[in-house]
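Report on the structure given below.
Both counts, for ligands and for their atoms, begin at 1 and track the order of listing. Quick note: numbers below take in every heavy atom, side chains included, and nothing from hydrogens, waters or symmetry partners. For this chain, numbers begin at 1 and follow the sequence in order.
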Amino acid sequence: MSKGRHEPADILSLVAEKANSLPLPERRAFLLRGLALAGAAAAGPVLAAVDPDDALPPNIPPWTRSLGRGVVTVPYGVPSEFEANVIRRTVPWLTANNISSISFTPLPELKGIITPNGLVFERYHAGVPDIDPDQHRLMIHGLVERPLVLTMNDLMRFPSVSVIRFIECPANGGMEWRGAQMEALQFTHGMLSCCEWTGVPLSVLLEEVGLKKGAAWVLAEGADGAAMTRSIPLEKALDDTLVVYAQNGEALRPEQGYPVRLLNPGWEGNTSVKWLRRLEIGDQPWYQREETSKYTDLMPDGRARKFSFTQETNSVITFPCPEKPLTQRGRYEIEGLAWSGRGRIRSVDISLDGGVNWRRAELKGLVLPKALTRFSFMWDWDGSPALLQSRAIDETGYVQPTLTQLRAVRGVESIYHKNSIHTWRLAETGEVTNVQID
Ligand SMILES: Nc1nc2c(c(=O)[nH]1)N[C@H]1C(S)=C(S)[C@@H](COP(=O)(O)O)O[C@H]1N2
Ligand SMILES: [Mo]
């Protein structure tokens, strides 16, 4: 028997032993559960076959009439097998291959403002490197007095901070510039996550190395096969940029940059370089691939706008949505998420008629700067069709634009930075579709 975990054969013999000691009805329920467990261990999840009439009141459900699983059957906990649909997904036509690609956070299924580590969207330019933290170094050099090569242990000796911040890929919603394409909230807005990040302020590390005269930009380079590289203005680096090694209380996931990544709160996700191995200080930007050919905004006059760092104020209704339709008339809590790269969300308005009338939503729970903010609006649905919208306003007074307003400035050639008001069409049937209105 392996440590801390039963092999399928062990489970079967344990099940048989235990079942023989039980009266018949209990034995049946127990065996079904045991087989499901053995099956799960052998070949992924298999749902226990439970007669629904057995489980419902006034009957005592089978799982109350038998013993449950013991401690460390699953040494690192995983969600219930009944939550198997709550997963990251890809858009096949967008996913040329899974090494240089993107997966989406299942926003319709999330509660509160924290994205669980296993569900954070992934964006790789060259796949996930398997980095041994003992072999990993962070080099800081360039216009500095005392260049440094830090081990992970060195890094962890600096004073750390923990903050809750969103990360959004600037391509979030980018498939919708020319028209509504995606029939799922997971795909219209799912290049988005919000975690508690722990690490060292970059300002602390820059103080340690000592900046030389003329220092104005920081180059951040990843240790992945893409060696993804971005230029960050020193002003941001000294403000709230972090070098983080933990995410929601545990080490970064490999997908998120294990063992260490940069976090530029509120800025386009691309600048939060994962698997961070090098920081170079210079007097001007480097104009790397990811800040010239990519991650620039093609404007209507054919010029490319560079360094659009801030993720502007945005919001979306997460219930109802295409994946979560309404099932009957009556009282509902409309919910959604709002966020701003400029700071806190001040307020969110809801429209049920495509932007003609607006009503104030309630902000729920924590309202933190540069973090997802959950909003809620109680509504009695009488079965009529509706055009549901949310409009966020942040603490700087920035009002989320309509699609028409955004297109008037940006045209339709862009890929990145689409933060316009989103419309869900609710049909009499309760079904929800993705539409665009003026
Ligand atoms: N080294 C490296 N860093 C990277 C990337 C990458 O491919 N390599 N992708 C970037 C992009 S485009 C985004 S949107 C974010 C996504 O962060 P996540 O995968 O943790 O969600 O990481 C950024 N950092
Ligand atoms: Mo991205």
Give one line per pair: atom of ligand 1, protein atom, distance. Only N/O to N/O under 3.5 Å.
unit_1   : atom_1 : unit_2 : atom_2 : d
ligand 1 : 1 (N)  : Asp224 : OD1    : 3.0
ligand 1 : 1 (N)  : Asp224 : OD2    : 3.2
ligand 1 : 1 (N)  : Lys274 : O      : 3.0
ligand 1 : 3 (N)  : Lys274 : N      : 2.8
ligand 1 : 7 (O)  : His125 : N      : 2.7
ligand 1 : 7 (O)  : His125 : ND1    : 2.7
ligand 1 : 8 (N)  : Asp224 : OD2    : 2.6
ligand 1 : 9 (N)  : Arg123 : O      : 3.4
ligand 1 : 17 (O) : Arg261 : NH2    : 3.1
ligand 1 : 19 (O) : Arg123 : N      : 3.1
ligand 1 : 19 (O) : Lys274 : NZ     : 2.5
ligand 1 : 20 (O) : Gln256 : NE2    : 3.0
ligand 1 : 20 (O) : Arg261 : NH1    : 2.8
ligand 1 : 21 (O) : Phe121 : O      : 2.6
ligand 1 : 22 (O) : Arg261 : NH2    : 3.4
ligand 1 : 24 (N) : Ser272 : O      : 3.1

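- Inter-residue side-chain proximity for Ser272 and Arg261 is flagged as met; some heavy-atom pair is nearer than 4.5 Å.
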### Task
Check the pair Glu290 / His125 against side chain to side chain contact (heavy atoms under 4.5 Å, CB included), numbers first and verdict last.
CA-CA 10 Å; Glu290 309 300 332; His125 286 70; 3.4 Å; yes

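- Ion pairing between a basic and an acidic side chain is recognised when a charged N comes within 4.0 Å of a carboxylate O; Glu145 and Lys212 show no such pairing.
- Residues passing the side chain to side chain donor-acceptor pair (under 3.5 Å) test with Glu122 are Arg88, Ser103, Tyr124, sequence neighbours excluded.
- Between Arg253 and Gln247, some side-chain heavy-atom pair lies under the 4.5 Å cut-off.
- Looking at Lys111 and Glu335, no side-chain N of the basic residue comes within less than 4.0 Å of a carboxylate O on the acidic one, giving no salt bridge.
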